[in-house]
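Taking it in order: structure first as structure tokens, then the write-up.
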Amino acid sequence: MNIFKLSFRMLRRDWRAGELRVLAFALVIAVGGMTTVGFFADRVQLALSRQGNQLLGADLIIFSDHTLPSQYAEQAKRQRLAISTALKFPSMAAKGDNSLLTEIKAVTAGYPLRGELRISEDFGDTSPRTTRIANAIPAPGSAWVDEKLMIQLALSRGDTIEVGTAHFIVTALITQEPDYSIGFINLRPRVLINTVDLPATGLVQQGSRIGYRLLVSGDSGEVENFRKWAQSRLTLGERIEGIRDARPEIKAALERAEKFLSLAALASVVLAAAAAALAVRRFTQRHLDGCAVMRCLGASQATMLRLYMYHFATLGLIASGAGCLLGFVAQGALAFWLSGLVEAELPWPSVWPAVHGLLTGLVLLLGFALPPLLNLRSVPALRVLRRDIGMSNTHSLTGYALGLAALSVLFLWKAGDVRLGASVMGGFAAAIAVFGLLGFLLVKALSHMRGQTGGALRYGLASIRRRATASVVQAVALGLGLMALLALTLIRDDLLQNWRTSLPPDAPDHFLVNIQADQLEPLAAFFNQHKIAQPPVFPMVRGRLTAVNDKPIASGDYNDIRAKRLVEREFNLSWAQEMPSDNQIIKGHWWKSGDSGKAVMSMEEGIAKTVGVGLGDKLTYDVAGSTFSATITSLRKVDWDTFRVNFFVVTPPGVLEKYPATYITSFHLPPKQMDVTNQLIKAFPNLLVIDVATIINQVHKVIEQVSKAVEFVFLFTLLAGLAVLYAAIASTQDERIHEAAIFRTLGAKRWQLARAWAAEFAILGGLAGLFAAAGASALGYVIGEYALNLTYTFNPSIWLTGVLSGMIGVTAAGLMGTRSALSTPPLITLRNI
Amino acid sequence: MSDNLVVRPIVQATALTKQVSTGDEQLTILENINLEVNAGDSVAVVGASGSGKSTLLGLLAGLDTPSSGKVHLDGEDIFLLDEDARAALRGRILGFVFQSFQLLPALTAIENVMLPLELAGISNATTAALELLERVGLGTRLKHYPRQLSGGEQQRVAIARAFVTQPQLLLADEPTGNLDSTTGAQIIELMFELNRERGTTLVLVTHDEAISSRCAWRIRLAGGKVVN
Ligand SMILES: Nc1ncnc2c1ncn2[C@@H]1O[C@H](COP(=O)(O)OP(=O)(O)OP(=O)(O)O)[C@@H](O)[C@H]1O
Ligand SMILES: [Mg+2]
């Protein structure tokens, strides 16, 4: 009979006899947990970016200052992507004698491709208005206007407005426009019309300032391909943007969420590894005798090795396959459950998580099973005569190193981010080494304490010492598992905390721009009158960068499109004595109180990089016809996740005051007070009110969903943690059954034994908890600081949590797991030895 | 079977010595053992506990290596072979019965008996195993696991497993050591019957004088030496 068939037969026999339960369970749960996380993270990531895309009105937009070449639209169609176009230009809109500079937007059918355009037919001062999703774009000849225009031109439904040489009937009021949020430049009242009416306006001519947009949406992979294709073909004046380019706060939230989700998946790999290592250990322990017998019966080492290799490979495939299936079903259930929470329909996951899961299961099993197997095949046959002869341990250390190496490769692959993967992997490798050493020393030290204690604790300590190796292995594995979970908890808390603080419910959601100096007082009075807290007001001077270190610059000097645009445009310069609290100095120093009037400035680090300047460079601006120069003395990091007013360039007071300044402020307006904007517009007609409440709502929604996803995924990593616990308890089960029989034959009562074991488990769990807390603090810090860019908050309660959860969890699980050992009549057990 | 008619040694030990070092002390467990067992013979190895009986049996089977001396099994100098070749030789000519039965717990009675045949790659393992289990009186317990069998029954399974490969030499280390006297007597009876039926050579380690007296020869060990 060939070995393969025999090994399959042995596998079936082992399975039937229940020998493989622990190993298979650990593997299925581990792979299942991991693929659940994988599948789900995959889908959530897709869903979340789609959610984000609603703010953009599309998955991608190509912007251009000239008619876009048809190649883009054609390519998009070839890739079966949905497209729509939009044209934007400033123009006067008039009702009778009243006219106003507006932003006209002409769109084609399909607009918007993502997100929703909400309109209302209730004109006038009514509030709240009944709104509905616009299922179409304005019919030819009709126009939809926004509230600002309605108020300023006193429009009501059915009125006619004049745009260029064409007349439009106003049929609806726009209450929510997805791509409104892209940049805050769209300050003018808005008019939405159908593209077919464009020629009639006579406004689209050579030299008119028109912005062309091609909106693209579809399957995320195809969109990405399209982006790559288009990116290389962009010419001057064309640029391509996804939501991440457009909205930094969403970009940050999504990227962190993605990293967290992949971290969670990584943590479940670590948990799976710990579970597999424990279960394999138990398996080989139980098969020592069988191996010795088979060696006696004439099996060669090679035969034994092949027998068990096939055995494990088959088991690995089956268990990992089952795990993948479980993962798929679980994520389906999860998605179904979440469908109420995530508005966007969850796209189907890719097959990669399954491939990952299958491979991980195999690598884990073989990586960790191979070393004991190599030992198993060389079990001395003499063991049949002398039980005390165990197996040599020559391969165990090198073998675990092999397992770890295999795991590292998987890790880096799965992390998709070398730094993140390497830091996590390095952390765990170091943890294993340190935990192992400490565990060994602690077990030694603990056993010396035996003399000073009594009762159950004493037996517990004695047991730990007797099972020294097993105890250390258990403590390390449990410690690793708990560490993964704790670290994840810490990071999750930081992440959620960070999101909460960056966008509190009362985050400013209205910006007021173009406030004149003499309006500051009346404005303060207005806020008082409406019981709105006085928001901080920031001065703002507009200037164009003309020279760096006295060398004139032009946009032609830059290859980078962003840099070109920055140089072409006017910067907003501001001054302040104190640095805004959400800014952080990266290089240099903020000025002191005595520095007023000095020609120095602080620049945002990103923009400094783009423009190619640094500390000590002297920048010259053209401000309203005169020049202003200052030297960079500090670079700042600005948290763009918040919606606070922030400036790229800030100087100390006493430098910019002589130039014409306007003021800007931002404040929070509760939904109930929405009509305040109307009164504000009436009272200060020159002010631009930018309402970002919709965006903030959207961002809130995205963050809320990300948080929920993070919580759910976390729950599933917990499941993998349970597999570790189960495997750890099972790993000494046989010894315990034996022990129970002997103790009870010697007259020990059940509760005495239970108490001794409880003490043992509590010590083990406490040790593991201690390890975990130490490891998690270090790991949380490293990951938070270097991979996620979160400020890590030291959490002393983690030690208490770690030790307590370790003690309670392990003791509870241990006692539950050993219940059967306690309740088996000793005779039955003894007969089987 | 003509081989069996020629009287020649199936096991031969020459100047067999086994020493182990415990710490700084050299402990001699077996010293200069010489013995010859002819095909078809039965030999009892007796002696006090700790006299080196199990050690001798282990060396005769090639499960351990001696400090000096030789063992020939079926004419082959087994310590010139490597472990794997010795294992193959064992599979070919040896059968074992142990004091602690050594059945694989995950395998049923019949599977335990089939195992040596399966390992040797022999195809109709089931038939042979079935036949032997019936012979030892366990024809109705084929699908039972070791833990569902009594000690005596387990040892019967072990005996069936030992005989299923039709070994030339059966080595037994206190096969009744874990059994009560009545069951032990039954087991010994069974072994001698099978031994006669199949013309197997038997080397049996025992404490029991009554059992040893049933063997054709007796080797007494004391302090690692043969005393007669
Ligand atoms: N590897 C070893 N290291 C140290 N001492 C050993 C070793 N192997 C055997 N011994 C010792 O050699 C002596 C003989 O052991 P062996 O197991 O052969 O005795 P035995 O005659 O089978 O005894 P029993 O009847 O109790 O089974 C014993 O004192 C034993 O402790
Ligand atoms: Mg013995």
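Side chains included, hydrogens not; waters and symmetry mates left out as well; all remaining heavy atoms used. Below, chain A is the first sequence line, B the second, and so on; all start at residue 1.
Around CD of B/Gln19, the count of heavy atoms belonging to other residues, nucleotides or ligands within 6.0 Å exceeds 12. The environment of CD in B/Glu25 is sparse: at most 12 heavy-atom neighbours from other residues, nucleotides or ligands sit within 6.0 Å.
Expressed to the nearest 0.5 Å, how far CZ of B/Arg90 lies from OG of A/Ser300 amounts to 10.5 Å. To the nearest 0.5 Å, atoms CE (A/Met304) and CG (B/Asp84) are separated by 10.5 Å. Within the model, atoms CG of A/Asp14 and CG of B/Leu107 stand 7.5 Å from one another, a figure rounded to the nearest 0.5 Å. Distance CD/B/Glu118 to CG/A/Leu297: 11.0 Å, rounded to 0.5 Å.
Proximity to chain A is absent for every atom of B/Leu94, based on heavy atoms less than 4.5 angstrom apart. Neither the backbone nor the side chain of B/Thr165 comes within less than 4.5 Å of any heavy atom in chain A. The contact between B/Arg161 and chain A is made entirely by side chain atoms (from C-beta outward), counting heavy-atom distances below 4.5 Å.
The greatest number of non-hydrogen atom pairs below 4.5 Å with chain A, out of B/Gly91, B/Ala87, B/Pro167, B/Ala85, is found for B/Ala87. Interface check for chain B: of the options A/Arg13, A/Met294, A/Gln301, the most heavy-atom pairs under 4.5 Å are formed by A/Arg13.
Within residues 58-66 of chain B, the residues that have a heavy atom under 4.5 Å from a heavy atom of chain A are B/Gly58, B/Leu63, B/Asp64, listed by number.
Sorted by first then second residue, the ring-ring contact (aromatic ring centres under 6.0 Å, His included) pairs that include residues 70-96 of chain B, not counting sequence neighbours, are B/Phe96-B/Phe98.
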Which is it for B/Glu111 and A/Arg9 under the salt bridge (charged side-chain N to carboxylate O under 4.0 Å, His left out) test, yes or no, and what are the steps along the way? CA-CA 10 Å; B/Glu111 286 163 357; A/Arg9 216 181 255 196; over 6 Å; no

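Side-chain contact check for B/Leu115 versus A/Met10: some heavy-atom pair is nearer than 4.5 Å.
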